[in-house]
Protein chains: 2
Amino acid sequence: MLLESITVYDIAREANVSVATVSRVLNDTAPVRTSTRQKIMAIIEKHNFQPNVLARSLVNKKTGMIGVLFPDSSNMFFPEVFGGAERAAQKLGYTLFLCNTFSDCSRESEYLNSLCERQVEGLLFMGGRINSRHCPDALVQEVVHIQKKIPIVLINGSLPGHPCHRVKTDEYLGAQLLMQHLIDHGHRRIGFIGGTAETTTTFEKLQAYKRSLLANSLSYRQDWVRLGDFSMACGRKQMDQFMMMPERPTAFLCMNDYVAIGAMKAAISRGLRIPEDVAIAGFDDTQLASAMNPELTTVSQHSEQLGRQAMLILSKLIQKEKVKKLTVLEPTLLIRQSTQ
Amino acid sequence: MLLESITVYDIAREANVSVATVSRVLNDTAPVRTSTRQKIMAIIEKHNFQPNVLARSLVNKKTGMIGVLFPDSSNMFFPEVFGGAERAAQKLGYTLFLCNTFSDCSRESEYLNSLCERQVEGLLFMGGRINSRHCPDALVQEVVHIQKKIPIVLINGSLPGHPCHRVKTDEYLGAQLLMQHLIDHGHRRIGFIGGTAETTTTFEKLQAYKRSLLANSLSYRQDWVRLGDFSMACGRKQMDQFMMMPERPTAFLCMNDYVAIGAMKAAISRGLRIPEDVAIAGFDDTQLASAMNPELTTVSQHSEQLGRQAMLILSKLIQKEKVKKLTVLEPTLLIRQSTQ
DNA sequence: TTGTAAGCGTTATCAA
DNA sequence: TTGATAACGCTTACAA
């Protein structure tokens, strides 16, 4: 329940002017005699009057809000991305409306709906359906439909069959860089841990993994690819499984830093030394990577940049400027202790 | 710029009814003949009509939005807290409006202002001025003034001289538990790292630190307290300083997990073993703590709980229920490898 | 330089 | 069960 607040009418009455004049000094939208302006300002000050943005937005059809959908605030990667987006938004005069979908499709739909109703001026979309390799058409259509009215920028994802504005890191390249690094260090048996077959981000890395093996005449073994999810728990569990295998890889490419750290911990608790006995690489360069001991070799997605770029592009879209559909950021290989 | 959307009028016209009737089926606020209801529903469906929440909020004075101020999305503790708050909010039918103040007071003021203008129904406040030991009165007044109109719940902070609804972890107790643990393990020389003298959270821990020393007849040495900030960099830097000292502590109480990890890394890079040569304890039990190697002894603030509780209390406040002013959560000591 | 009045897209009060 | 119509708090032609 909101305050029974004072309105422009109250201010106008007290200043013996019309609401129009009050509005004028509020928005500096037309000349007002200095004396009346000052009188009005004083009264506004005195009552600590704040115009109701709802009413204002209703007439000028601008809310200054950008909706942001992301799958999981407990994976540092996402807070990093929307940290970057937020800084950019602030400069541009927008406020972010952050929505944690908890990777739940129906929650995603609800938020999508709610953000539209709330009249956000644009949408930044991460995770969920835009990373699904077999996204039900109904879910795609929801987004397509919204996009007719509200500009959307997809981050690290896509909507198959429907061109969208997208900003992404070249994850394929990132995985390739890591593979090459491992291979250059003499590893011939390399495993893959984490992610789900259903997600595009996993698929992309897996492709790079396979092709790198092929390109280096190394054999691809299905039992050396152990997916699961994106958590530390997954890394730990899968590494434990690898430990039971008679013949196991000497190096592991992990879906992300969390998985990598789980894998590291499992290996360490079995008495293995990293990187001497086993090399492990992560992805994303979240704070965790450099915090670890040994420090984790990983690939930076430049998460803040990613958020910033997406926001910049979105703002151009809102201004109805032409922007190229796809922006690709180049990842950076960060070689640290866990692989050499 | 928003869509020139279709309105209840368009629906009404097409259905040959009045807007009132459309509104009735939309809100189920009065009986409508089944046939007309169906007719209207069909048209709504067909056009994918979404009522404008702005207009709706304007009349019923409810936005369903809760503003959340927090200092830093790159410290996992805060995303964890608002993760908990968000889940609770969802159940209660509220949407969170997350605002990253980047620990900047003026940004905090701006957001405070913006959230009020946006007519949020309540405010969750973390960091910044509510953790300042000498908060300028102007900043306090800003909050006090807002509080007259909008319910506010402070998380782990307070507004000196102005009773507010607060949810907090007993950080004093938490620090005490850690100290006792270290002392029980035979440590007689214990240092303190991180935080700033200006913040209440640091002060509280420092108090516990000093009193624990006193209670155990251990001497307090000013040069064994090295503050700074809340970052890994700080932990690293201060530990490096400790390393230069002729006589140094055998154990360290750190302001938070980030500082502790920085300290750990500095110690390790100097060839010290943890915990054999030096014991290190953190605070907050962020994901980092259990990810580390060795795993970090720390204190859980039950961050999700904290967010959840705060949201629950806020919602009661919004419903104008009576709620006790102060809710204290008990921290939990988590003894891990870094201290034993 | 200022005021009047018509919107913005809803909901809610009265009558019918 | 329905329909006019007045709010909600603001901006903005259009007039004065």
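Protein chains get the first letters and strands the later ones, always in sequence-line order, with residue 1 at the start of each. None of these values were measured; they are calculated from a predicted model.
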Taking 4.0 Å as the cut-off, does a side-chain nitrogen or oxygen of [X] come that near to OP1 or OP2 on [N]?
X: B:Thr21; N: D:dG3; result: yes
X: B:Lys62; N: C:dT11; result: no
X: B:Thr7; N: C:dG9; result: no
X: A:Lys61; N: C:dG9; result: yes
X: A:Arg56; N: D:dT11; result: yes
X: B:Asn27; N: C:dT11; result: yes

Residues, nucleotides or ligands: over 12 heavy atoms within 6.0 Å of B:Arg118 CZ = yes
Please say whether more than 12 non-hydrogen atoms of neighbouring residues, nucleotides or ligands are located less than 6.0 Å from NZ in A:Lys39.
-> yes
Give B:Val53 one of three labels, base, sugar-phosphate or nothing, depending on what nucleic acid heavy atoms sit under 4.0 Å from its own.
-> nothing
May I ask you to say what A:Asp10 touches in the nucleic acid, namely base, sugar-phosphate or nothing, with a heavy-atom cut-off under 4.0 Å?
-> nothing
With both pairing distances under 3.5 angstrom for Watson-Crick or G-U wobble, and | for a partner in another strand, the correct string for DNA chain D is ||||||||||||||||
Taking atom [atom2] of [N] as reference, at what distance in whole Å does atom [atom1] of [X] sit?
X: A:Ile6; N: D:dC10; atom1: CD1; atom2: P; result: 9 Å
X: A:Gln119; N: C:dG9; atom1: CD; atom2: P; result: 9 Å
X: B:Asp28; N: D:dT2; atom1: CG; atom2: P; result: 13 Å
X: A:Phe49; N: D:dC10; atom1: CZ; atom2: C1'; result: 8 Å
X: B:Ile11; N: C:dT10; atom1: CD1; atom2: C1'; result: 13 Å
X: A:Arg118; N: C:dG9; atom1: CZ; atom2: P; result: 18 Å
X: A:Tyr9; N: D:dC10; atom1: OH; atom2: C1'; result: 8 Å
X: A:Arg24; N: D:dA15; atom1: CZ; atom2: C1'; result: 11 Å

Without hydrogens or angle criteria, can the side chains of A:Ser57 and A:Gln119 be said to hold a donor-acceptor pair below 3.5 Å?
-> no
Do A:Glu198 and A:Ser132 meet the criterion of a side-chain donor-acceptor pair at a distance under 3.5 Å?
-> yes
Consider the side chain of [X], meaning its heavy atoms from C-beta on, and name the nucleotide among [options] that approaches it most closely.
X: B:Ala55; options: D:dG9, C:dT1, C:dT10; value: C:dT10
X: B:Asn60; options: C:dT11, D:dA13, D:dG3; value: C:dT11
X: A:Ser18; options: D:dT2, C:dT4, D:dC10; value: C:dT4
X: A:Leu58; options: C:dC8, D:dT2, C:dT10; value: C:dC8
X: B:Pro31; options: D:dT1, C:dG9, D:dT2; value: D:dT1

About how many Å separate CD1 of B:Ile152 and CD of B:Gln147, when rounded to the nearest 0.5 Å?
-> 5.0 Å
Step by step, would you call A:Val81 with A:Val68 a side-chain contact (heavy atoms from CB on, under 4.5 Å)?
-> CA-CA 10 Å; A:Val81 174; A:Val68 182; over 6 Å; no
DNA chain D nearest-nucleotide lookup for B:Val59 and B:Ser35: closer to the 5′ end is B:Ser35
For A:Ser106, what residues pass the side-chain hydrogen bond (donor to acceptor under 3.5 Å, both in side chains) criterion, not counting sequence neighbours?
-> A:Asp104
Considering only NZ, NE, NH1 and NH2 on the basic side and carboxylate oxygens on the acidic side, decide whether B:Glu117 and A:Arg56 come within less than 4.0 Å.
-> no
